[in-house]
Amino acid sequence: MTVALDGVRYRYPAGDSDALRDVTLAFGAGEVTLVTGRLGAGCSTLLLVAAGLAPHVTGGARSGSVTTLGVDPASDKGRRKVAGRIGLLLPTPWTQLSGMSYTVREEVAFGPANLGWPRDRIGRAVSGAMALVGIEHLADRDPRTLSGGELQRVMLAGITAMDPEVLLLDEPTLELDPEGARMVYRLLPALAREKTVVLATTDVDRAVEVVTRVVLLDRGSVTADGTPDDVLGTDRAVALGCSTTIAEIVRVAGHAAPFPLTVRAAVRRFAR
Amino acid sequence: MTLGYRPGTGVLHRAHPFTVLALAGTVAVLAFTLSAPLGPMLLTAGLVAIAVAARVSRTLLTALAFAAPFWVFLVLIHVVFGDSPDRAVTVGSQISAVLVVFLMTLAAVHPGRLVDALLERGVPFHVAYLLVATLQSVPELQRRASAILDAQRCRGLRVRGSVWGRVRSVVPLAVPLVLGALGEVDDRALALEARGAASGLRRTPLDPPHDRLAERVTRWALLGSVLGTIAWRIVA
């Protein structure tokens with residue numbers, strides 16, 4: 001497993017309660033894991049802790065063990081070892097701009113350049129990442145003039161250009177239109193063949209189409225961990241408001257769990 | 001009125017970032033050491049000529065907008081209510097020269113090239129980035145202030161009218177500007193870490209500027225002019 005959390009508790013500096021409570025989880029390559037829950041459940045915090053940025057950057061107090069790529073990513077030694085090997089995409093693309101780029105190509109190159117790669121390798125990585133997320137046509141645009149959705153794709157390209165072994169995506173489609181969101185989700189299974197991909201989002205309707213595992217959080221604790229059907233098709237997940245629209249409709253219609261999560265699954269179950 | 005870097009092909013855009021910064025530093029010193037009022041006036045006129053030649057003349061309009069209130073007050077104090085027009089021209093020219101050169105530098109120096117130039121001289125990335133971020137904070141705050149102004153107008157804030165009304169409108173503009181900027185600091189720190197900015201590895205300069213002999217000579221000449229002027233002021 002490339003990411004392992006064992007009995008992890010974490011509290012923000014200004015917090016009066018733990019944002020994560022006794023979380024024990026492991027993530028590996030080959031699967032796309034969805035981490036979801038209600039607002040404040042701790043999904044974003046889980047990603048920050050796995051990346052070592054909490055408490056290294058955010059401050060606060062962490063207990064328990066976090067091992068990412070064989071080291072504690074929040075330790076001084078660990079930070080150097082995992083630099084560039086963990087890709088974290090934050091939900092607000094405009095706060096992730098480097099501030100020193102005036103074209104999208106330069107912006108995407110910011111991360112690889114920080115890793116000291118040779119220029120020709122950076123050029124190839126940038127072109128590949130821009131092609132992957134479909135933003136080649138934006139290459140010469142000023143990132144400050146882009147829409148939120150375009151900027152979110154630029155940031156995704158910036159992260160994937162670094163070729164990280166672990167991809168932690170926090171609401172990666174928040175600014176995207178439905179088609180853009182579908183395109184991003186379609187990339188994930190291919191990326192997960194060689195990388196560990198953990199996705200934190202409340203956009204469960206679309207995410208459920210591509211994930212192979214779901215972790216449900218509630219007030220900082222893991223309440224369920226398993227396949228999408230096992231976790232999201234339950235009364236509890238629907239009652240928490242963390243399942244799909246289809247599951248909610250089926251439940252409201254008076255059917256019993258397990259609920260279908262997608263239109264296709266509902267058709268399979270109910271169509272005669 | 002736009003602050004910050006604007007892509008271009010003029011002589012200042014092509015110049016090594018250190019040369020443009022050396023020009024800015026030289027002007028900042030000469031504006032206050034040259035004989036007044038002729039020295040600062042000629043300096044300002046020279047900068048206007050450079051701005052036009054370097055195709056960054058739009059910065060002159062911005063400088064004019066910033067300098068105009070100073071000129072109005074200087075004329076009121078030293079000409080209308082006083083009897084020292086030379087003083088008004090001197091201080092006005094000094095302010096104008098510094099404004100023009102500062103805005104020209106912002107408009108012509110690509111932040112990425114400046115970082116690359118600093119990295120090539122062995123400056124650590126975090127120091128170079130801090131310098132560039134400081135320069136970039138001006139246009140960044142301007143963009144943010146513009147968005148807040150639009151948002152507050154949509155919510156009924158009146159920013160025109162009487163002087164008192166304008167003063168009152170500053171609070172709902174300034175508070176979100178400052179608090180928003182502070183609130184984003186954490187997010188930006190997280191993003192920079194996530195993008196390898198604190199990796200401890202030596203960053204690859206993406207577009208290192210070529211430092212030609214002529215530019216190195218120019219920078220030494222600028223330094224010489226500063227030292228010479230200071231020496232002359234001390235002796236004279």
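Chain A is the first sequence line, chain B the second, and so forth, proteins listed ahead of strands; every chain is numbered from 1.
- Looking only at side-chain heavy atoms (C-beta outward), B:Arg195 and A:Ile159 come within less than 4.5 Å of each other.
- In this structure, the portion of A:Leu48 lying under 4.5 Å from any heavy atom of chain B is its side chain and not its backbone.
- Atom OG in B:Ser199 sits 8.0 Å away from atom CE in A:Met162 (nearest 0.5 Å).
- By the neighbour-count criterion of 12 heavy atoms within 6.0 Å, atom CG of A:Leu39 is sparsely surrounded, having that number or fewer from other residues, nucleotides or ligands.
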Just list the side-chain donor-acceptor pairs under 3.5 Å for residues 146-157 of chain B, sequence neighbours left out, or say none.
from: B:Gln152; atom 1: OE1; to: B:Arg155; atom 2: NH1; distance (Å): 3.2
from: B:Gln152; atom 1: NE2; to: B:Pro172; atom 2: O; distance (Å): 2.7

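- Two residues are said to be in side-chain contact when any heavy atoms from C-beta on lie closer than 4.5 Å; B:Leu190 and A:Thr58 meet this criterion.
- Look at B:Arg113 and A:Glu106 and you find no salt bridge, because none of the NZ, NE, NH1 or NH2 atoms lies under 4.0 Å from a carboxylate O.
- Proximity of B:Arg6 to A:Tyr102: side-chain heavy atoms (C-beta onward) are nowhere separated by under 4.5 Å.
- No more than 12 heavy atoms of other residues, nucleotides or ligands shown are found within 6.0 angstrom of CZ on A:Arg219.
- No other option in A:Ala83, A:Ala113, A:Gly158, A:Gly123 has as many heavy-atom pairs under 4.5 Å with chain B as A:Ala113.
- Panel note: side chain B:Tyr129, backbone A:Met100; no donor-acceptor pair is recorded below 3.5 Å.
- By the neighbour-count criterion of 12 heavy atoms within 6.0 Å, atom CZ of A:Arg80 is sparsely surrounded, having that number or fewer from other residues, nucleotides or ligands.
- Your options are A:Arg119, A:His56, A:Gln96, and the one with the most heavy-atom pairs under 4.5 Å with chain B is A:Arg119.
- Residues A:Ile122 and B:Leu206 are in side-chain contact: their nearest non-hydrogen atoms beyond the backbone lie under 4.5 Å apart.
- Interface remark: B:Arg188 contributes backbone and side-chain atoms alike to the contact with chain A (heavy atom separation under 4.5 Å).
- Relative ring orientation between B:Phe125 and A:Phe110 is described as tilted, the plane-to-plane angle lying within the 30° to 60° band.
- No more than 12 heavy atoms of other residues, nucleotides or ligands sit less than 6.0 Å from atom CD of A:Glu194.
- Atoms CZ and CZ, from A:Arg144 and B:Arg143 in turn, are 5.0 Å apart once rounded to the nearest 0.5 Å.
- Of the residues considered (A:Ala109, A:Ser98, A:Gly52), A:Ser98 shows the highest number of contacts with chain B, using heavy-atom pairs under 4.5 Å.
- Interface summary for chain B: among A:Pro112, A:Ala51, A:Gly99, the most heavy-atom pairs under 4.5 angstrom belong to A:Gly99.
- Other residues, nucleotides and ligands place more than 12 heavy atoms under 6.0 Å from the OH atom of A:Tyr12.
- Considering every non-hydrogen atom in both B:Thr204 and A:Gly116, the closest pair reads OG1-C, 3.0 Å.
- For the atom pair CZ of B:Arg203 and CG of A:Asn114, the computed distance is 4.5 Å after rounding to the nearest 0.5 Å.
- With rounding to the nearest 0.5 angstrom, the CG atom of A:Leu90 is 11.0 Å from the CG atom of B:Asp186.
- Neither the backbone nor the side chain of B:Ala133 comes within contact range of chain A; no heavy atom of the residue lies under 4.5 Å from a heavy atom of that chain.
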